[in-house]
Colleague: 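Quick one: this structure, given as structure tokens, is what I'll be asking you about.
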Amino acid sequence: MEYNFREIEKKWQQRWVAQQTYRTTENPERKKFYVLNMFPYPSGAGLHVGHPLGYIASDIYARYKRLQGFNVLNPMGYDAYGLPAEQYAIQTGQHPAITTDQNIARYREQLDKIGFSFDWSREVRTCDPKYYHWTQWAFQQMFGSFYCNKCQSAQPIEKLIEHFEKQGTADLDAVQNEELSFTADEWRAKSDNEKQQVLMNYRIAYLAETMVNWCPALGTVLANDEVVNGVSERGGYPVEQKRMKQWCLRVSAYAQRLLDGLETIDWTESLKETQRNWIGRSEGTEMQFKVADSDIEFTIFTTRADTIFGVTFMVLAPESELVAQLTTPEQKAAVDEYLAYVKKRTERDRISDRKVTGVFSGSYAINPFTGDKIPVWISEYVLAGYGTGAIMAVPAHDSRDYAFARHFNLPIIPLIEGADISEESFDAKEGIVMNSPATGKTALDGFSLNGLTVKEAIAATKQFVTEHKLGRVKVNYRLRDAIFSRQRYWGEPFPVYYKDGMPQMVPQECLPLELPEVDKFLPTETGEPPLGNAKKWAWDTKTNTIVDNSLIDNDTVFPLELNTMPGFAGSSAYYLRYMDPHNDQALISKKADEYWQNVDLYVGGSEHATGHLIYSRFWNKFLFDLGVSCKEEPFQKLVNQGMIQGRSNFVYRIKDTNTFVSLGLKDQYDVTPLHVDVNIVSGDVLDIEAFKAWRPEYATAEFILEDGKYICGWAVEKMSKSMFNVVNPDMIVEKFGADTLRLYEMFLGPVEQAKPWDTNGIDGSHRFLKKFWNMFWQKDDFVVTDDAPTPAELKSLHKLIKKVTEDIEVFSYNTSIPAFMIATNELTQLKCQKRAILEPMVVLIAPFAPHIAEELWEKMGHTTSVCDAQWPTFNEKYLVEDTVKMMVAFNGKTRFSIDFPADADNATIEAAARGHELTPKYVEDKQIMKVIIVPKRMINIVIK
RNA sequence: GCCCAGAUGGUGGAAUUGGUAGACACGAGGGACUUAAAAUCCCUUGGCCAGUGAUGGCCGUACGGGUUCGAUUCCCGUUCCGGGCACCA
């Protein structure tokens, strides 16, 4: 009987929908398992074969867990806000919602063909008001919270107000933008507006004037993870630094918890490392330096407090407020000129061209340990955003300071015994300290580091600094607060209106605040974000409704926020929403949260390491502090599926002709390689007729063939339209079936590894499924008998159960598929058509190839879905061998093998070896030194 | 520059974590069936050498060392490819 995959797959896909096979409900009786894929952005190009890789891998796991008796949640949805739909809208005027809906419909159609076990009743879309209701809600909660360092959690802002009313800022340990100091009386004396401004300094979602990454080409600001090498991640446009008032999220408050949490989750080491780098914890010392002949004092941050005796100059970041204070009248002209130069330089200039630049401020600082006067310089190599924006320069032991000192001829004092600093600085934190202080000099309180190791010196200095109140020990993080405003249309609107210039929250019960209609998706003529084009975008505080802008009176009707939220807003808590997607009273009910807890297995690309995966961990920790999420980490285990690259094909055109030469002969001509659509190439052989039809300019093409064929060249490249190497899963499904596609994608290699797609190999997977199908048939009759299985058959089956079970647990599907092939071949040869063997086989293959499994399961007389079957367990007793093949090696050199009874003990085997029973010709007169027996594997006889 | 991961046939990749390297699949070559094609099935397929032959020998997991009876696997050094961070003091 022919394996008619088209009919089978269609039938079961329809039946799964009709019978709601994959609908999941909370069931306290059963253990839960939550499998999640990073939801896709539905782009206009549709899915290519690379996209489903992770979905297939997680689907196999989800189905496997279900067969093991778990109540599995395996949802899917769409990250529907995004730039492409908005840019398409700008070009065509078509509303992004329409484009997005169309793209989603197309995605859904493609996904449905692959046979996933998604519970579509839980689908979410980030652009759906019912969904972004809770994105807006979370934002308001962040606005209404501050971060308490003492209790290490977010707390309601009301607690902070209470604290201010009782004791002002005294005894306050909260994360803040700048350190404020006032008494309770002073607080009470403040106006409402002033109080609001003070609170803004502490809120977790706060409005602040900060340096932002401004991308003029995109007309919006970008978060740090959206800027790569000084250009925008999307589009590669230049990015400049600009001071703007923006909403920010106080992610940095969670830096330590984000770091600590990594220890509790099961992610790859490299991904954790990436996040550690991004968080960038560094432990050091903040020290105060006085400015000579002035009352001014400033603070620097250093991880090398031990090098204090080697400081020969100080450096300020050009953007630092100290620059204005410390510049002397004589130096003002030079400094202004330098600042103008720095301002001209974009982020990209700084990265590509690292020349040494700087200017002397005219002021001197006093080394607190020695009283020495040290010149204060200004240079762009010091960053305003990190530490305090000011450093102490130790040219002998920091390569940047070294370059600077050499360039401007500043002194260099070596501090490590024996370190050669004639060519470069000695940056390593090792060696014995000297010159601290230098001979003949004395330091404050006779402090000396001479003779200590660097580690000891760092500790000693920290202690001294703390005791003498010269500064304090400080931990710095590279992780910055996230800029949360975007000057775009297609994003979540902020539920915020402005009264007297201060932001006010739209009442919680009025959420969601729906995105308004606009006639143009571009920024306004006055440079306001696209929402500035909306005519009805004002908040009436009397009626609590959105009203026409013309009614704004700044008394009861106020303008609404014009920015929208960034892409990561909607994707930061979607995994929680899947647990309870239709709840309109809360983001998630307590009951659903407590049942589903967090994601057990999360599958997605590693490109989100410093974006989504940081933000959603932060977001979840915040919700954890609020008591909304019961788990501090959202994703317990994370698997990064590798990208599937394209395999491009090339044809070689002889220069200035329309003649194409085959790969093997191309070196004889002067040729230009051109990409050719991989869909008209099969096994690297070009379909010449299809090629002529492909492009009008090729209609008259001529060919120089080898062996009557045109052979194309190939290369592995990113899968993209412009390389003509996109392979569409629909085409594969049409030609081979979804089960073949699923099997082949897994067979291609380890899920985590990047690998090129090569359609050529797919025949093997398809052939296997045919063989599997044929095991159940004799001609046109379906034959499954109730005969008792033989030991050989049982062995084949149990070997397979063992292998597949172990493989799935560790995501090693690529090695399970050969096991299926081997077992199928063995059983076909044994002509086994016994239910006791074939039934478990069908269950085993169900996660991989669900359609064929369902069909066979039904044919075997079952009335329920194979999804509700039970995963077979293997029995070791069928795997035990009667005899064990032992390899015999002499001095490690393998010679032959001998069968021993399986229960032979090592003493018996060794006796056989020593008794020269193992072919004496290799031993003869030589003496046996040692016999090493590797259990059930090898006898190594060491001879003289 | 720093950190992380990796390198195995013509190709994708296996190898029970120290025990017969190259499973399985693709591709290639040969054969069977067929008027023919498709489909299906069988054999060969890391390199070199010897033999009519079954077969036997040597080399071989990027390169050079080391530990071990035995190394793709562990250690040290080198080269190359990929990823992350990058004037972060």
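Within every chain, numbering begins at 1; the chains are lettered A, B, ... in the order of the sequence lines, protein sequences first and strands thereafter. Values below: every heavy atom of this structure, side chains too, minus hydrogens, waters and symmetry copies.
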Colleague: When the C1' atoms of B/rA5 and B/rG83 are compared, how many Å lie between them, rounded to an integer?
Modeller: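 One C1' to the other, the span is 7 Å.
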Colleague: Could you note down all residue pairs passing ring pair (Phe, Tyr, Trp, His ring centres under 6.0 Å) where residues 741-764 of chain A supplies at least one of them, sequence neighbours left out?
Modeller: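 Matches after skipping sequence neighbours: A/Tyr744-A/Trp757.
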Colleague: Take atom C1' in B/rG29 and the same atom in B/rG46, then report the distance between them in whole Å.
Modeller: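 These two C1' atoms come out 16 Å apart once rounded.
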Colleague: With rounding to whole Å, what would you report as the distance between B/rG66 and B/rU16 at their P atoms?
Modeller: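 Nearest-Å result for B/rG66 against B/rU16 at atom P: 26 Å.
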Colleague: Is it the case that A/Arg617 places NZ or CZ above or below the six-membered ring of A/Trp267, under 6.0 angstrom from the centre and within 45 degrees of the axis?
Modeller: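 Judged by the rule, A/Arg617 and A/Trp267 form a cation-pi pair.
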Colleague: Using the purine O4'-C1'-N9-C4 or pyrimidine O4'-C1'-N1-C2 torsion, is B/rU17 syn (within 90° of 0) or anti?
Modeller: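 With its glycosidic angle within 90° of zero, B/rU17 counts as syn.
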Colleague: So, are A/Glu424 and A/Arg406 salt-bridged, with charged N and O less than 4.0 Å apart?
Modeller: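 No, no charged N to carboxylate O under 4.0 Å.
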Colleague: I need the NZ-P distance between A/Lys799 and B/rU16, as an integer number of Å.
Modeller: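 In whole Å, B/rU16 P and A/Lys799 NZ are 17 Å from each other.
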Colleague: For B/rC74 versus B/rA23, give the span between their C1' atoms, rounded off to a whole number of Å.
Modeller: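 One C1' to the other, the span is 24 Å.
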Colleague: Does a side-chain N or O from A/Ser282 land closer than 4.0 Å to OP1 or OP2 of B/rA89, or not?
Modeller: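 Yes, within the criterion.
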Colleague: Would you sort out whether A/Asn476 and A/Ser282 count as a side chain to side chain donor-acceptor pair (under 3.5 Å), showing the intermediate values?
Modeller: CA-CA 5 Å; A/Asn476 256 324; A/Ser282 88; 5.6 Å; no
Colleague: Which residues in residues 379-387 of chain A have a heavy atom closer than 4.0 Å to any atom of RNA chain B?
Modeller: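 Residues of residues 379-387 of chain A under 4.0 Å from RNA chain B: A/Tyr381, A/Val382, A/Leu383, A/Tyr386.
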Colleague: Can you confirm if the aromatic rings of A/Phe848 and A/Phe820 lie within a centre distance of less than 6.0 Å?
Modeller: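 Aromatic pair counts; centres sit under 6.0 Å.
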Colleague: Using the C1' atom in both, what is the distance from B/rA7 to B/rG1, to the nearest Å?
Modeller: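 My reading of the C1' atoms in B/rA7 and B/rG1 gives 24 Å.
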Colleague: Please measure how far the C1' atom in B/rG82 lies from the corresponding atom in B/rG30, and state the result in whole Å.
Modeller: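 These two C1' atoms come out 40 Å apart once rounded.
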Colleague: Roughly how far apart, to the nearest Å, are B/rG6 and B/rC76 at atom P?
Modeller: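 Their P atoms lie roughly 14 Å apart.
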Colleague: If each of A/Asn277 and A/Asn825 is mapped to the nucleotide of RNA chain B with the nearest heavy atom, which maps nearer the 5' terminus, i.e. the 5' end?
Modeller: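 Here A/Asn825 is the residue nearer the 5' end.
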Colleague: When you check the side-chain N and O atoms of A/Thr610 and A/Asp225, is any donor under 3.5 Å from an acceptor?
Modeller: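 Side chains of A/Thr610 and A/Asp225: no pair found under 3.5 Å.
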Colleague: Within the distance-only criterion (no hydrogens, no angle test), does the side chain of A/Gln641 pair as donor or acceptor with the backbone N or O of A/Gly605 below 3.5 angstrom?
Modeller: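 Yes: the side chain of A/Gln641 pairs with the backbone of A/Gly605.
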Colleague: Heavy atoms only: give me the nearest A/Asn814-A/Pro818 pair and the separation to one decimal.
Modeller: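 Heavy atoms only, the tightest pair is O-CD, 3.0 Å.
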Colleague: Using heavy atoms to find the nearest nucleotide of RNA chain B for A/Thr274 and A/Asp401 separately, return the residue whose nucleotide is more 5′.
Modeller: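 This one resolves to A/Thr274.
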Colleague: Just checking, is any N or O donor in the side chain of A/Ser425 or A/Asp398 under 3.5 Å from an acceptor N or O on the other one?
Modeller: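 Their side chains do not contain a donor-acceptor pair, so the 3.5 Å distance test is not met.
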Colleague: Ignoring hydrogens and geometry beyond distance, is a side-chain donor-acceptor pair present between A/Tyr381 and A/Asp401 at under 3.5 Å?
Modeller: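 Note: A/Tyr381 and A/Asp401 side chains meet the donor-acceptor criterion.
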Colleague: Roughly how far apart, to the nearest Å, are B/rG60 and B/rC26 at atom P?
Modeller: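 Rounded to whole Å, the distance is 31 Å.
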Colleague: Going by an N to O cut-off under 4.0 Å, is there a salt bridge joining A/Glu430 and A/Lys455?
Modeller: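 No, no charged N to carboxylate O under 4.0 Å.
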Colleague: Shorter than 3.5 Å, N or O on both sides, protein versus nucleotides 80-82 of chain B: list them out with atom names.
Modeller:
none

Colleague: When syn is taken as a glycosidic angle within 90 degrees of 0, is B/rG53 syn or anti?
Modeller: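 Here B/rG53 takes the anti form, which means its glycosidic angle is more than 90° from 0.
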Colleague: Report, as a single string ordered 5' to 3', how protein heavy atoms within less than 4.0 Å touch nucleotides 4-13 of chain B: B base, S sugar-phosphate only, - not at all.
Modeller: S-------BS
Colleague: Would you mind building the protein contact string for nucleotides 40-45 of chain B? One character per nucleotide, 5' to 3', B for base within reach (heavy atoms under 4.0 Å), S for sugar-phosphate only, - for untouched.
Modeller: SS----
Colleague: Calculate the interatomic distance between A/Trp278 atom CH2 and B/rG83 atom C1'; express it in whole Å.
Modeller: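 So the CH2-C1' distance, A/Trp278 to B/rG83, works out to 15 Å.
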Colleague: Anything below 3.5 Å on both distances counts as a pair; with that, list the stems of at least three consecutive Watson-Crick or G-U pairs involving RNA chain B.
Modeller: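 The stems are B:1-4 with B:82-85, B:10-12 with B:24-26, B:27-32 with B:40-45, B:46-50 with B:55-59, B:62-66 with B:74-78.
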